[in-house]
Number of protein chains: 2
Amino acid sequence: MKQYEHPPAEAFQLTAILHALSDPYRLSIVQKLSVLQPQPCAPLQGDRPKSSVSHHFSVLRKAGVVRTLVVGVTHMNSLRDAELEARFPGLLKTILEAAAQSAGLPAQG
Amino acid sequence: MKQYEHPPAEAFQLTAILHALSDPYRLSIVQKLSVLQPQPCAPLQGDRPKSSVSHHFSVLRKAGVVRTLVVGVTHMNSLRDAELEARFPGLLKTILEAAAQSAGLPAQG
DNA sequence: TGCATAGTTCGACAATAATCGAACTATCAG
DNA sequence: CTGATAGTTCGATTATTGTCGAACTATGCA
């Protein structure tokens, strides 16, 4: 049950995080994780082939946005929200709010 | 004195903004603007050739991060902070704080 | 009109990133 | 060991970005 490498919070790079979140597909993964966590890759896959999904998760992992825990045969992903919050306070939350806002402003109008 | 096109705030795309800010050079421009605004391109140029600088400003403009006002022979740039704040509350501020934090935590240690 | 300044546009090239099929690895069930 | 499942790695292709010199545009000043 080999695990992944994850950068420590001190090594997080703001530009890498912004880049990771600047892709709509990856941003949508992060949004989904923010409401249900942890979650395997499969239900987050959408219509993409597995190799693409794997690539995007790897970008998210390397940026420090997501942590992947190998448990049995599935890979459980969760946001590294506490570490992100400690390193870059408010960043993830603000971006998620902005994302929620831009994608069909919920039940208000 | 022809002016530039700038997207209206309603057309801002979160992913485009994140992408614009995910480049270290562009992020540094935005940081400099945040402390002194408005400012022409020249003093923000760093060591890059004019054509590169122009390209990066164009990315920032198209994303809605920067507004460029042509006044006489210089192009005065400022952040569209109020509009950004209205559209994506806290986003720019949080990113700027994160940027300040990651680039050499000031006088503390 | 002529020249300097500030910045853009063009076009070519280099580097980075996204996409996807196919083959592979690891774990679990039988 | 066999088969199934979950996801990765590889390698090739394409698309998007960044970079920069050279030519260009617009304004201001003499």
Side-chain angles (χ1 to χ4, degrees), chain A residues 1-7 13-30 32-33 36-78, chain B residues 1-7 13-30 32-33 36-78:
Chain A
M1 198 122 88
K2 181 132 154 273
Q3 296 296 334
Y4 284 88
E5 304 253 316
H6 293 89
Q13 299 237 222
L14 178 60
T15 50
I17 293 174
L18 295 179
H19 171 250
L21 298 177
S22 74
D23 179 276
Y25 180 69
R26 287 193 294 261
L27 183 57
S28 81
I29 286 178
V30 169
K32 287 172 191 157
L33 278 180
L36 180 57
Q37 171 177 189
Q39 224 178 142
C41 303
L44 301 164
Q45 185 166 341
D47 53 348
R48 311 281 173 109
K50 293 196 294 179
S51 50
S52 296
V53 177
S54 190
H55 164 69
H56 288 298
F57 270 101
S58 143
V59 172
L60 288 169
R61 265 196 304 269
K62 283 173 183 155
V65 177
V66 158
R67 161 160 280 131
T68 304
L69 226 45
V70 181
V71 28
V73 81
T74 73
H75 294 194
M76 292 306 267
N77 303 286
S78 26
Chain B
M1 201 122 88
K2 182 132 157 270
Q3 296 296 333
Y4 283 88
E5 304 252 315
H6 293 90
Q13 298 238 223
L14 177 61
T15 51
I17 293 173
L18 296 179
H19 171 251
L21 298 176
S22 75
D23 179 276
Y25 180 70
R26 286 192 296 259
L27 183 57
S28 81
I29 287 179
V30 170
K32 287 171 191 159
L33 277 180
L36 180 58
Q37 172 178 187
Q39 224 178 142
C41 302
L44 301 164
Q45 185 165 343
D47 53 348
R48 311 282 173 107
K50 294 195 296 179
S51 49
S52 295
V53 177
S54 190
H55 164 70
H56 288 298
F57 269 102
S58 141
V59 171
L60 288 169
R61 264 195 305 268
K62 282 174 184 155
V65 177
V66 158
R67 160 160 282 131
T68 304
L69 225 45
V70 181
V71 28
V73 81
T74 73
H75 294 194
M76 292 306 268
N77 303 286
S78 27

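Chain A is the first sequence line, chain B the second, and so forth, proteins listed ahead of strands; every chain is numbered from 1. Everything numeric in this text was worked out from a predicted model, so none of it was measured.
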Within less than 4.0 Å of OP1 or OP2 of [N], is there a side-chain N or O belonging to [X]?
| X | N | value |
| --- | --- | --- |
| Ser52(B) | dC20(D) | yes |
| Tyr4(A) | dG7(D) | no |
| His75(B) | dA6(C) | no |
| Arg48(B) | dG7(C) | no |

Side chain of [X], heavy atoms from C-beta onward: which of [options] has the nearest atom to it?
| X | options | result |
| --- | --- | --- |
| Ser51(A) | dT9(D), dG7(D), dT8(C) | dT9(D) |
| Ser54(B) | dT9(C), dG7(D), dA18(C) | dT9(C) |
| Val73(A) | dA26(C), dG7(D), dT8(C) | dA26(C) |

Could you tell me whether His56(A) contacts a base, only the sugar-phosphate backbone, or nothing, with contacts defined as non-hydrogen atoms closer than 4.0 Å? sugar-phosphate
What's Thr74(B) touching, base or sugar-phosphate or nothing? Going by heavy atoms closer than 4.0 Å. sugar-phosphate
May I have the distance from [X] (atom [atom1]) to [N] (atom [atom2]), rounded to whole angstrom?
| X | N | atom1 | atom2 | value |
| --- | --- | --- | --- | --- |
| Leu27(B) | dT17(D) | CG | P | 18 Å |
| His19(B) | dA15(D) | NE2 | C1' | 13 Å |
| Leu21(B) | dT17(D) | CG | C1' | 16 Å |
| Gln39(B) | dG7(C) | CD | C1' | 15 Å |
| Glu5(A) | dT9(D) | CD | C1' | 16 Å |
| His55(A) | dT16(C) | NE2 | C1' | 10 Å |
| Met76(B) | dT27(D) | CE | P | 17 Å |
| Leu18(B) | dT17(D) | CG | P | 14 Å |

So Arg26(B) and Phe57(B), do their side chains get closer than 4.5 Å, heavy atoms only? no
Just by modelled atom types, is the Leu69(A) backbone N or O under 3.5 Å from a matching donor or acceptor in the Gln3(A) side chain? no
Under 3.5 Å: donor-acceptor pair, side chain of Asn77(A), backbone of Thr68(A): no
What heavy-atom pair brings Ala63(A) and Ala16(A) nearest, and what distance separates the two atoms? CB-O, 3.7 Å
Of the non-hydrogen atoms in His56(B) and Tyr25(B), which two are nearest, and what is the gap between them? CD2-CD2, 3.3 Å
Need to verify one output field. Residue with the more 5' nearest nucleotide on DNA chain C, Tyr25(A) or Lys50(A)? Tyr25(A)
